[in-house]
Every structure is written in C-alpha cells, then in structure tokens.
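A quick write-up on the structure given underneath.
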Amino acid sequence: MNDARIRRLVIVGGGTAGWLTAALLARALGSQLKILLVESAEIGTVGVGEATIPQILHVNRFLGLDEDDMLRAVHGTFKLGVQLNDFTRVGESYLHAFGDLGLPLGLTPFHHYWLRAVQGRPSAAGAGGAEAPSRGRPGAQSLWAHSLNAAAAAQNRFARMDKVPNSPLGGIRYAYHFDASLYGQYLRQHIAPGIVERIEGKIVDVRLHAEDGHIESLLLDNGSTVEGDFFIDCSGFRGLLIEGTLKTGYENWQHWLPCDRALAVGSAPGGPMRPYTQASARTAGWQWRIPLQTRTGNGHVYCSRFISDDEAAAQLLANLETEALGDPRPLRFVTGMRKLAWSRNCLALGLAAGFMEPLESTSIHLVQSGVNRLLAMFPDRHCDPKLIDEYNRQTRFEYERVRDFLILHYKATERSDTPFWRQCGAMDIPPELARRIELFRRSGMIFREGEELFTETGWLQVLLGQGIAPARHHPLADELSDQQLDHFLADVRTLVGRAVATLPPHHEFVARHCGMPAAAAARATPTTASTETP
Ligand SMILES: Cc1cc2nc3c(=O)[nH]c(=O)nc-3n(C[C@H](O)[C@H](O)[C@H](O)COP(=O)(O)OP(=O)(O)OC[C@H]3O[C@@H](n4cnc5c(N)ncnc54)[C@H](O)[C@@H]3O)c2cc1C
C-alpha cells in the first residue's frame with residue numbers, strides 16, 4: 001500500500017490564525033507532521049482582536065497552557081459576557097452573559113418559569129374553565145437577576161468558580177480579553193521544539209501540480225521555494241491561496257450586516273476594570289470597549305454608506321473614557337465567507353476564510369473550530385472530495401448560524417432615529433432567522449441545532465434584550481403553584497447573590513493571580529461595585 005499520508009503541512013500566515021493553527025496541529029499530530037509556517041514581517045498582521053468566548057479555554061487545556069501565565073503574557077483580563085447598549089432603544093442596555101440562567105426544572109428550561117412569573121398564568125376560560133388569568137407575580141425580577149455571570153458583572157467581580165458551592169447551580173463561565181498579537185506569540189513560544197519551522201519571507205508565486213491542480217509549492221521573494229502536501233491559508237483578508245490562486249469565490253453578506261469599516265484605537269488604562277466587553281450602538285454602527293491590563297481597546301465598526309470616516313473617528317474619540325494612545329487605525333472589510341473554505345489541498349482559516357464583525361467576538365473561535373473539524377476529517381494527500389464537501393457543509397452551517405445571531409442584533413431594533421437603524425429594522429432577513437424569531441415570539445421556545453455555536457441562553461438574552469417578547473410560556477411551567485414559583489425564583493436569586501458576595505473585585509483577582517506588576521499598580525480606580533447595569 002502506498003503511503004499517502006500528509007507529511008509536510010504548510011501554513012501561510014503568522015497572525016493569530018496561523019499560530020493558533022500551528023500550535024493545535026503540532027500538539028495533535030506533531031509526531032507525524034513537519035509543519036512549515038511562512039510569514040512576512042513586511043506585510044504584518046491585522047493587529048486587532050481582543051475579545052474571546054469561553055470555548056477558548058479548551059485551547060488552553062488542550063495545549064496544556066497555564067492560564068495565569070498566559071494572561072500575564074497577553075495583558076489579559078476576564079470576560080463574563082457582552083454588554084449591549086442602545087441597540088434596542090437609545091438608553092437601554094442588556095447583557096449577553098455566558099453561562100447558565102437559573103436552573104431548569106426537569107425538562108423545562110428556566111426561562112419559562114421566569115416568563116410565567118412575569119406574564120402570569122393564561123386564562124383557563126378559553127378552554128371552558130372558570131379560572132381567571134393570574135397577573136404577573138408581584139416582585140417578579142429581571143431575568144438577569146438569576147444569572148451568576150450577570151450578577152458578578154454588575155458588581156465588577158470575578159473569580160474562577162466551577163459550581164456554586166452547596167447548590168445545583170453552575171458556576172462562573174468566562175472568556176478572556178487580551179492582546180491577540182501577544183497571544184499568537186505566546187502560542188508560538190509554547191510549541192514543542194522541532195515540529196514547526198518558521199520561515200520569514202513574502203510569497204510571490206504559487207505553483208500548482210499539472211495533473212490535479214493541487215498546490216505544489218510557494219515561491220518566496222528571496223528565490224526559495226516551500227513545498228508541501230497540504231496548505232493552510234491563514235494569510236488574512238487577501239486569501240492568498242484560497243482566492244488568489246484557487247479562486248473559490250466569496251459570498252457577500254453586506255446586505256444583512258452592512259458595516260464595512262472599523263477604526264481601532266487604544267486608550268490609557270483607567271476606569272473600572274469591567275469583567276465584560278461593552279458594545280455601544282452609534283448612529284451608523286457600534287463601538288467596542290475592552291479592558292486589558294495595560295490599556296483599553298476601543299473601536300468603531302460602521303457602515304461607510306451612512307457616515308464618513310472623519311465623523312466615525314470623531315464619534316469614537318468622543319466616547320473614550322481616557323485619552324487615546326495614538327491615532328485611530330482604519331480597517332476595511334467585506335462581511336461574508338469563502339464559498340469553499342477547503343478546495344483541493346488547501347484549507348482557509350481565519351480572515352482568509354471569511355469575516356463577521358466582532359460584535360460577539362467569534363473570529364478567533366471560528367479558527368479553533370475549523371482546526372477541530374480538520375482534525376476530525378484529517379485527509380491523506382489525495383484529499384477525498386467527500387471529506388472536502390463534508391467540511392465545507394459543516395463550516396457553512398456554523399458560519400450561517402453565527403451570521404444569523406449577529407443579524408438579530410440589528411434587525412430587532414426599535415430605533416428609528418437614524419437612516420442606518422431605519423434600514424436595519426426594515427431589512428429582509430434569512431428565512432432561518434425569521435423562523436427562529438417567530439417561534440420564540442409565539443411560544444418562548446428556542447432550540448439549538450446540531451453544532452451551532454450559540455446556546456439557548458445566548459439566543460434568549462439577545463431575543464429578549466432586543467425587545468422580542470414571547471406571547472406565552474411553556475405549559476409545564478404552570479405545574480407549580482404561585483407560592484412554589486415565588487420560592488423557586490427567590491431561591492435561585494439568593495444562591496446567586498450569596499455566591500457573588502464571595503467573589504473579589506475583578507481588578508484584585510487579576511492583580512493577585514495574573515497581573516503584570518506595573519500594570520496592576522497603574523490601573524484604574526479600584527471599584528467594587530458598578531453603578532451601571534450590564
Ligand atoms: C475591526 C476588527 C476587530 C476584531 N475583533 C475581534 C475580536 O474581538 N475577537 C475575535 O475573535 N476576533 C476579532 N477580529 C478578528 C481577528 O482579528 C482575526 O480573526 C485574527 O486576528 C486572525 O487574523 P488572521 O491571522 O487570519 O490574519 P492576519 O492577522 O492578517 O495575518 C495574516 C498573516 O499572513 C501573512 N501573509 C499575508 N500575505 C503574505 C504573503 N504574500 N507572504 C507571506 N506572508 C503573508 C501576514 O504576514 C500575516 O502573518 C477582529 C477583526 C477586525 C477587522
């Protein structure tokens with residue numbers, strides 16, 4: 001039998017995508033593969049990407065990284081969710097908190113009990129009964145009062161907590177804020193020696209095999225060539241191999257997600273070290289604020305059809321908490337995905353595979369899940385077309401569900417104060433998203449499908465936060481008496497409140513466990529409680 005195993009794997013690009021891919025593949029297949037990573041200092045990396053989602057913890061575990069050491073190296077802080085301001089109506093905020101909301105009872109998701117408390121029981125009269133509808137329960141509280149992450153975020157507190165002690169409640173679920181360039185470098189330093197060879201150089205030509213059109217080698221500007229059996233394109237927006245050479249085509253989603261530019265700027269550390277990302281809607285887009293140990297990351301994502309670059313920069317700078325550390329850096333992008341993320345012997349990851357704006361911090365995760373999928377389907381040199389089709393099918397499913405989740409933030413707005421928001425509210429949306437919204441509106445029900453990224457609680461918070469109110473709750477939630485319901489909800493809130501009271505302020509936790517010596521001292525007003533309501 002001929003040995004068709006892949007022996008030389010070439011990664012093009014040394015941004016977060018390139019080094020994350022190299023680290024994961026080296027750990028998984030290091031004894032079988034020689035990995036070559038080509039990057040060009042002259043071209044550089046995109047240099048943004050500061051917020052993550054909890055799945056990134058799996059990367060650390062798989063690679064055996066020490067979390068505190070990593071956070072120190074990447075100037076990191078902890079993230080409990082995203083606070084979304086002014087998306088629904090100006091002046092309104094809600095949190096997309098990670099982790100559980102309350103506790104399910106049997107088969108019934110928690111939020112149906114909460115809905116029952118807010119809505120009351122339906123009338124039995126329609127079914128021939130004499131019972132009058134009950135009103136909402138007196139003292140019914142916000143859904144988020146039943147979330148440990150949300151309660152901790154509201155008080156700027158954080159600690160690692162796997163479970164709420166002596167209770168059935170799940171613990172704190174978190175991700176990181178960090179400097180993504182430093183994260184890439186950290187991963188690079190932690191790859192076992194001898195598996196990955198870094199090659200500095202600019203690729204100027206790509207050669208294909210005559211018979212099957214697979215990529216054979218890369219020509220560098222210094223005249224050398226890099227040969228490989230399999231190529232991973234992590235070359236950023238340009239998609240050097242997947243588009244430049246293989247011309248797989250790009251599917252444009254700007255009609256649903258119209259923002260096409262961003263301005264990014266750091267500002268001096270200061271203000272509370274919030275354990276959450278802030279995303280605040282602006283007149284033609286939104287602005288992020290991300291606390292790192294050494295600075296705050298800020299950026300304005302906007303639609304160039306509705307606002308000029310100068311105006312966008314002025315809005316960004318007017319909404320910084322501390323002074324800017326430089327001039328805003330412009331970035332342009334086209335939201336969408338490659339029609340084929342894998343073609344012949346080339347797979348695209350990171351910005352080369354597609355881009356969706358960072359409203360829910362999904363890009364780095366999509367690299368991670370792409371590598372997982374590649375490992376699950378690892379090919380030989382022939383690259384069976386059936387494997388390729390399956391990879392592309394699963395990738396499309398994942399991207400489209402993330403896309404729909406992002407569209408929800410724009411579509412379900414009640415804002416009509418600017419042309420941008422009026423257009424968002426009026427736009428057509430993908431049928432799958434329309435179906436999901438309608439199901440929730442009528443029944444309060446949400447069903448997560450297959451391997452889609454966002455959980456039911458993620459969808460729930462954004463649906464409710466964006467002002468979509470269900471007409472009813474699940475009948476199983478009516479099995480409790482009013483008194484049992486009140487006790488159940490109050491018990492959850494008590495457990496949450498007690499657990500949060502044991503957590504230290506976020507900045508103290510960071511300083512104690514993963515603080516950079518100078519940064520911790522320079523940082524911010526020590527706040528133990530926030531007046532904001534995430
Ligand atoms: C405004 C904005 C905000 C973002 N915020 C977030 C966020 O909060 N969270 C998140 O998860 N993601 C975020 N992202 C996405 C995130 O930045 C990227 O997913 C991540 O940095 C990966 O980028 P990359 O490695 O694919 O590309 P890049 O960083 O662009 O790297 C490309 C690499 O390819 C190399 N290269 C290119 N051409 C050649 C050539 N001819 N020869 C040799 N080498 C070459 C370059 O030198 C570089 O090393 C954001 C993106 C943008 C635009």
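Atoms within each ligand, like the ligands themselves, are counted from 1 in listed order. All values reported here derive from a predicted model rather than from experimental measurement.
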What are the atoms of ligand 1, with element, lying closer than 4.0 Å to any heavy atom of [X]?
X	answer
Leu240	40 (C), 41 (N)
Gly350	26 (O)
Ala51	7 (C), 8 (O), 9 (N), 10 (C), 11 (O)

Counting distance only, does the side-chain N/O of [X] pair as donor-acceptor with the main-chain N or O of [Y] below 3.5 Å?
X	Y	result
Tyr391	Arg373	no
His300	Ala312	yes
Arg8	Glu227	yes
His365	Ser361	no
Gln461	Ala97	yes
His75	Leu71	no
Asn392	Trp342	yes

Considering only the protein, which heavy-atom contact is closest to [atom], and what is its distance?
atom	answer
atom 13 (C) of ligand 1	Gly49 CA, 3.5 Å
atom 24 (P) of ligand 1	Ala17 CB, 3.8 Å
atom 11 (O) of ligand 1	Ile364 N, 2.8 Å
atom 47 (O) of ligand 1	Ser40 O, 3.0 Å
atom 46 (C) of ligand 1	Gly44 O, 3.1 Å
atom 19 (O) of ligand 1	Ser363 CB, 3.3 Å
atom 39 (C) of ligand 1	Ile43 CD1, 3.3 Å
atom 43 (C) of ligand 1	Gly201 O, 3.3 Å

Aromatic ring proximity Tyr410/Trp421, centre distance under 6.0 Å: yes

Glu39 and Arg198: CA distance, side-chain angles, deciding distance, salt bridge (Lys or Arg N to Asp or Glu O under 4.0 Å) verdict: CA-CA 8 Å; Glu39 64 179 319; Arg198 176 186 175 275; 2.6 Å; yes

More than 12 heavy atoms of other groups within 6.0 Å of Asn222 CG: yes

Answer yes or no: does atom CD of Glu200 have more than 12 heavy-atom neighbours from other residues, nucleotides or ligands under 6.0 Å? yes

Report the C-alpha separation of His96 and Glu360 in whole Å, then their side-chain angles, then the decisive distance to 0.1 Å, and conclude whether the side-chain hydrogen bond (donor to acceptor under 3.5 Å, both in side chains) test is met. CA-CA 9 Å; His96 169 195; Glu360 290 282 356; 2.8 Å; yes

Any Phe355 heavy atom less than 4.0 Å from ligand 1: yes

At the 4.0 Å heavy-atom cut-off, does Cys234 count as touching ligand 1? yes

Under 3.5 Å: N/O of [X] near N/O of ligand 1:
X	answer
Ala262	no
Val12	no
Val46	yes
Leu351	yes
Ile290	no
Trp288	no
Gly14	yes
Ile203	yes

Once you restrict to heavy atoms under 4.0 Å, what part of [X] touches ligand 1? Side chain, backbone, both or neither.
X	result
Glu50	backbone
Ala180	neither
Thr52	neither
Pro358	side chain

Atom pair CG/CZ of Leu349 and Arg338 - distance to nearest 0.5 Å: 12.0 Å

Would Gln189 and Trp19 count as a side-chain hydrogen bond (donor to acceptor under 3.5 Å, both in side chains) here? Give the steps. CA-CA 10 Å; Gln189 286 156 20; Trp19 282 109; over 6 Å; no

Taking the minimum heavy-atom distance to atom 2 (C) of ligand 1, which of Leu263, Leu331, Val48 ranks first? Val48

Atom 34 (O) of ligand 1: which of Gly18, Gly239, Ser181, Gly13 has the nearest heavy atom? Gly13

Salt bridge or not between Arg448 and Glu456? Use side-chain N to carboxylate O under 4.0 Å. no

Between the side chains of Thr283 and Gln315, is a donor N or O closer than 3.5 angstrom to an acceptor N or O? yes

